Student: 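Below is the structure I would like to discuss, written out as structure tokens.
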Amino acid sequence: MLKSSVALIGFMGTGKTTVGRLLVKKLEGEYQFIEMDQLIEEMAGKPIPEIFSQDGEEVFRDHEIKACQKVSTLKKVVISCGGGAVLNKKNVENLKKNSTIILLESTIETILERILKDGVQLRPVIDKEDPIKEVKKLFYLRNPQYKSVTDIIIDTENKDESVIVDEIIQKLKIEKD
Ligand code: S3P
């Protein structure tokens with residue numbers, strides 16, 4: 001069954017934001033793009049690294065729950081979810097109300113390359129003594145959890161963003177029929 005909104009999930013650095021924006025563009029104004037991390041920053045009045053360093057991860061996760069609650073009521077939106085959002089059952093329940101959940105998958109090598117290029121300070125969950133070790137640990141821990149809540153899986157490896165978006169649109173159409 002096709003739901004009215006789309007939630008893009010997956011590990012940090014899998015391209016959720018870029019793909020989400022392009023998806024909205026290709027759907028030609030029918031949908032609105034929502035970046036969950038941006039919503040959280042607006043709610044907290046500070047950037048994510050500051051929420052983590054000043055208030056702690058628990059406070060960040062509370063904001064994330066509220067953000068999920070808020071977006072779950074919206075129809076015709078494409079939501080780019082933070083990499084940890086669907087690890088909480090409550091968030092999954094909320095997102096599933098109106099959204100088809102799409103998992104973007106990339107290899108650990110691609111993820112590491114992107115994350116290290118962006119700078120680990122942007123991503124506090126891996127901004128530890130050994131960020132590479134942290135990424136690997138979380139990647140293998142989270143992957144089964146992502147898979148267990150998703151409706152559609154998209155392999156993004158070695159694919160142009162527009163190809164990924166076309167694949168998403170095609171798979172959404174199949175779900176609808
Ligand atoms: C997080 C991922 C980040 C952001 C926060 C926590 C995570 O979002 O929500 O730093 O726990 O994986 P992106 O996946 O968009 O980087």
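Residue indices begin at 1 and follow the sequence shown. Both counts, for ligands and for their atoms, begin at 1 and track the order of listing. Bear in mind that the values here come from a model prediction, so they are computed numbers and not experimental data.
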Student: Can you report which non-hydrogen protein atom sits closest to atom 5 (C) of ligand 1, along with the distance?
Tutor: F60 CZ, 3.7 Å
Student: Between M36 and G82, what is the shortest heavy-atom contact and its length?
Tutor: CB-N, 4.3 Å
Student: Can a salt bridge be assigned to the pair E57 and R61 using a cut-off of 4.0 Å between side-chain N and carboxylate O?
Tutor: yes
Student: I need the atoms of ligand 1 closer than 4.0 Å to a non-hydrogen atom of G82, numbered in the order shown.
Tutor: 8 (O), 9 (O), 14 (O)
Student: So F11 and F139, would you call those rings parallel, tilted or perpendicular, with 30° and 60° as cut-offs?
Tutor: perpendicular
Student: For atom 14 (O) of ligand 1, what's the nearest protein heavy-atom neighbour? Residue, atom name and distance, please.
Tutor: K16 NZ, 2.6 Å
Student: Hydrophobic cluster membership, with links at side-chain heavy-atom distances under 4.5 Å among I/L/V/M/F/W/Y: are I126 and L112 in one?
Tutor: yes
Student: Pull out every atom of ligand 1 sitting under 4.0 Å from any heavy atom of V125, numbered as shown with elements.
Tutor: 7 (C), 11 (O)
Student: Take atom CD in E50; do more than 12 heavy atoms of anything else shown fall under 6.0 Å from it?
Tutor: yes
Student: So which protein heavy atom does atom 16 (O) of ligand 1 come closest to, and at what separation?
Tutor: R123 NE, 3.0 Å
Student: Which residue supplies the protein heavy atom nearest to atom 3 (C) of ligand 1, what is that atom called, and how far is it?
Tutor: D37 OD2, 3.6 Å
Student: Under 4.0 Å from a heavy atom of P124: give me the atoms of ligand 1 that qualify, with their elements.
Tutor: 10 (O)
Student: What do we get for R61 next to ligand 1 when only non-hydrogen atoms under 4.0 Å count, side chain, backbone, both or neither?
Tutor: side chain
Student: Would you say K133 has more than 12 foreign heavy atoms packed within less than 6.0 Å of its NZ?
Tutor: no
Student: Can you tell me the protein heavy atom closest to atom 2 (C) of ligand 1 and the distance?
Tutor: G83 N, 3.4 Å
Student: Which atoms of ligand 1 are found less than 4.0 Å from any heavy atom of I48?
Tutor: 10 (O)
Student: Check this for me: K25, atom NZ, are more than 12 non-hydrogen atoms of other residues, nucleotides or ligands nearer than 6.0 Å?
Tutor: no
Student: Side chain or backbone, does R142 bring an N or O within less than 3.5 Å of an N or O on ligand 1?
Tutor: yes
